[in-house]
Structure formats: structure tokens, C-alpha cells
Amino acid sequence: MMRNISSATEFCLLGFPGSQELHHILFAIFFFFYSVTLMGNTVIIVIVCVDKRLQSPMYFFLGHLSALEIMITTITVPMLLWGLLLPGMHTVSLAACVTQLFLYLAVGTTEFVLLGAMAVDRYVAVCNPLRYNIIMNSHTCIWVVIVSWVFGFLSEIWPVYATFQFTFCKSNLLDHFFCERGQLLKLSCGDTLFTEFVLFLMAVVIIIGSLTPTIVSYTYIISTILKIPTASGRRKAFSTCASHFTFVVIGYGSCLFLYVKPKQTQAAEYNKIVSLFISVVTPFLNPFIFTLRNDKVKEALRDGMKRCCRLVKD
């Protein structure tokens, strides 16, 4: 049992400023993004499961990445939409706030670990193709996914526990659209400097630690691709990595801005923008990034649509 978790039993989310008309416009925009995110990522999961052409480690990891994207956006966006639709401040209980923050951080950490594993997978595929099926066998892939999920959830227990050990007696007004850690620490009456520093070190270890295998893998991948004599061969080799590389740049870039810094309690508006990018924009882009440049996925989608049309006609 945690002692002195908080003097507040609930928090009021201020969300976005502006008129009710602006809120309705934002609601329509974010609802569209959320709907496309759910549909696009669900389609990827389904075709990866049912299409035999996509029964490979890369698409196995992609299916789990899409599931994580659905989770990360569902953890935050419904609360955002609810706050935009209804007038006044949106209230969230302390228990719901703890749960939301934990799930948000745990799913994000799991995604980072999985992205690092996907980079290693691309390295083996490009730099050691003859041994690819031996190294990246089904047993290895399953264990990689299990470790990613377990590490992601276990690693965020202490940071969330430490955040809610403080007494939030300054106010219960949270200047954000969900229970974001930096804004929660702003409400604390205690000295959060040491905790913020420890959280910063943990963010460095998790983000930079998972980014290191990505950097090393792509260094070898680029070196190998440049040695391919034909331009068509180089394009084909790079096309297998382009989607993952694009997603890595977008995902890691936004999280480095938000979490890898000593001071966690930066300006609320800055926090909201970066959080929107992580929770709304990146999950929305994921289906497009991994399908527009991937011939196998596009073929699977076309075949799936043809089968659906035939079923409708019958």
C-alpha cells in the first residue's frame, strides 16, 4: 500500500483552450485521425495473421507494433475527445490517472524495445540473408516479443509509483488532455528534483538503449547496401528497411523531445503538442508508412479487398 499518494482524489483536465466551436472542429479532426488509426492498424494485424505471404519475422513484429499503436492512441485519445465534446473541465479519478499514466508509459517502452528488435531483424535480412531463417526463427521471434512486452510493463512500475508518492496539494487542475507525468509533478508540493533526475536517467537508458541497436544495425545496413553494384539492387535492399527507418525517426524524435531532458515539468503547451504527435499523429501514420512502400502488403490488401468484394456479391 502506498503512503501519502496524494491529497487529491481526482484531477480536472484543462485540455485545450478556445471556444466551443474550436473544440468541435478539433473533435472532428482528432476523431477522424483516431478512426483511421484504429481501422488502418487493425487491417495490418488481420492481413499479417491471415495472409501466408506475410508469415515472416518482419511482419510478425509489424503486427505487434500495430497492436501497440492501437493501444497507445486508445489510452489517451478517447479522453481527449470526451473533453472536447463536453463543455467545462473533464474530471478523472486518482485511480484512473495512475492506470492511464502506467499504461501510456508501459506501452511506449514496449514499442521502443520492439523497434530496436525490428532494426536487428532488418540487419540480419540485409547483411546476413543466407542465415536469416536460421537466426530469426519462430522461437526467437516469439521470445523477442515476450521480452519486449514484459520489460515494457515491468520497467514503468517504479516511475509511476514514484510520481504518485508526492502530495499534490498545489492544485488538482492538470493543464493537459491526459494524466501526463510532467504536469502531475508540477502540482506536487514536495521537492521533485531528485525524482525528476532519476526519471531522466531511466528515460535515457530506455530510449537511448533501444536506439543504440537501431543505429548500429543501420550503420551496417547502409554500408552493405552501398557495396551492392547495381542501382536496382540498392533500391530493393533499401526498400526493405525504409518503412521501419521512417517510423524510427518519427517515433524516437518526438519522444526524445518529451522525455530525455533533466527537467520533466516544462511548458504545458509544449507538452501537449509533443504528446499529440506521439498519441495521435504517429499511430495515424503507421499504416501508411508500412503499406505505401511495401509491395507485399499492398498485394495482400488488394487480394483481401477482392475476396471481400466476391463475398459481398455472393
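- Between the side chains of Y132 and D121, at least one donor N or O lies within less than 3.5 Å of an accepting N or O.
- Summarising the hydrophobic clusters (Ile, Leu, Val, Met, Phe, Trp, Tyr; side-chain heavy atoms under 4.5 Å, direct or chained), the residues clustered with L226 are I222.
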**OP:** Starting from the C-alpha separation in whole Å, work towards a yes-or-no answer on side chain to side chain contact (heavy atoms under 4.5 Å, CB included) for I157 and F102.
**Re:** CA-CA 7 Å; I157 292 175; F102 173 71; 3.9 Å; yes

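- T73 contributes no side-chain N or O that, together with a main-chain N or O of E69, makes up a donor-acceptor pair within less than 3.5 Å.
- In summary, the aromatic rings of F11 and H90 are positioned with their centroids too far apart to meet the 6.0 Å limit.
- The backbone N or O of I207 sits less than 3.5 Å from a side-chain atom of S210, completing a donor-acceptor pair.
- To the nearest 0.5 Å, atoms CG (N286) and CD1 (I44) are separated by 5.0 Å.
- Aromatic rings of F60 and H64 (six-membered ring for Trp) have centroids within the 6.0 Å cut-off, being under it.
- Heavy atoms only, all atoms of each residue included: P129 and A125 are closest at CB-O, 3.4 Å.
- In this structure, I206 CD1 and I208 CD1 are separated by 11.5 Å, a value rounded to the nearest 0.5 Å.
- Under the 4.5 Å side-chain criterion, counting only non-hydrogen atoms from C-beta, R131 is in contact with N128.
- M71 is connected to F177 through a chain of hydrophobic side-chain contacts under 4.5 Å among Ile, Leu, Val, Met, Phe, Trp and Tyr, so both are in one cluster.
- A single hydrophobic cluster is seen to contain both I25 and L80, as judged by linkage of ILVMFWY side chains at heavy-atom distances under 4.5 Å, directly or through other members.
- A donor-acceptor contact shorter than 3.5 Å links the side chain of T140 to the backbone of I135.
- Pairing each heavy atom of I250 with each of F277, the nearest pair is CG2-CE2, 3.5 Å.
- The shortest side-chain heavy-atom distance between C12 and L174 does not fall under the 4.5 Å cut-off.
- No path of Ile, Leu, Val, Met, Phe, Trp and Tyr side chains, each step under 4.5 Å between heavy atoms, connects V248 with V205, placing them in separate hydrophobic clusters.
- The hydrophobic cluster containing F284 also contains I29, counting ILVMFWY residues as joined when their side-chain heavy atoms lie under 4.5 angstrom apart, directly or transitively.
- L185 places a side-chain heavy atom less than 4.5 Å from the side chain of E196.
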Subject >> side chain to side chain contact (heavy atoms under 4.5 Å, CB included) assessment of F288 paired with V36 >> reply: CA-CA 10 Å; F288 300 102; V36 173; 4.0 Å; yes

Subject >> Worked check of side chain to side chain contact (heavy atoms under 4.5 Å, CB included) between I75 and Q100 >> reply: CA-CA 6 Å; I75 289 165; Q100 185 185 48; 3.7 Å; yes

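- More than 12 heavy atoms of other residues, nucleotides or ligands sit less than 6.0 Å from atom CZ of F27.
- Of all heavy-atom pairs spanning V126 and T224, the tightest one is O-CG2, 3.9 Å.
- Between the side chain of N137 and the backbone N or O of I134, at least one donor-acceptor pair lies under 3.5 Å.
- Using a distance-only test at 3.5 Å, with no hydrogens or angles considered, no donor-acceptor pair links the side chain of Q183 to the main chain of C179.
- Side-chain atoms of T91 and E10 include no donor-acceptor pair closer than 3.5 Å.
- In this pair, Y104 and F178 present their aromatic rings tilted. The plane angle is within the 30 to 60° band.
- Minimum interatomic distance between L115 and H244 (heavy atoms only, all atoms of both residues): O-NE2, 2.9 Å.
- In this structure, K272 satisfies the cation-pi test against F16, with its NZ or CZ atom closer than 6.0 Å to the six-membered ring centre and inside 45 degrees of the ring normal.
- In this structure, L68 and I72 have side chains that are not in contact, with every pair of non-hydrogen atoms separated by 4.5 Å or more.
- Listed for the T192 side chain is no donor-acceptor partner under 3.5 Å among the backbone atoms of T195.
- Counting heavy atoms from C-beta on, the side chains of Y59 and D51 never come closer than 4.5 Å.
- Here the straight-line distance linking atom CG of L114 with atom CG of L65 works out to 6.0 Å at 0.5 Å rounding.
- Judged by distance alone, the side chains of T74 and Y34 do bring a donor and an acceptor atom under 3.5 Å apart.
- In this structure a side-chain-to-backbone donor-acceptor pair under 3.5 Å is missing from N41 to A67.
- Distance alone, capped at 3.5 Å, is enough to place a donor-acceptor pair between the S148 side chain and the V144 backbone.
- In this structure, M58 CE and C141 SG are separated by 12.0 Å, a value rounded to the nearest 0.5 Å.
- Taking all atoms of both residues into account, the shortest heavy-atom contact from Q20 to L85 is NE2-O, 3.6 Å.
- In this structure, the side chains of S217 and V124 stay at 4.5 Å or more apart for every pair of heavy atoms.
- Under the 4.5 Å side-chain criterion, counting only non-hydrogen atoms from C-beta, L94 is in contact with F164.
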**OP:** Take V216 and Y220, measure what side chain to side chain contact (heavy atoms under 4.5 Å, CB included) needs, and give me the verdict at the end.
**Re:** CA-CA 7 Å; V216 173; Y220 281 104; 3.7 Å; yes

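- Here the closest heavy-atom approach between residue H23 and residue L84 is recorded as CB-O, 3.5 Å.
- Between Q165 atom CD and T163 atom OG1 the span is 10.0 Å, to the nearest 0.5 Å.
- The shortest side-chain heavy-atom distance between V281 and L276 does not fall under the 4.5 Å cut-off.
- Between the side chain of S188 and the main chain of F168, no donor-acceptor pair closer than 3.5 Å is present.
- If you chain together hydrophobic residues whose side chains sit under 4.5 Å apart, W149 and W158 fall into the same group.
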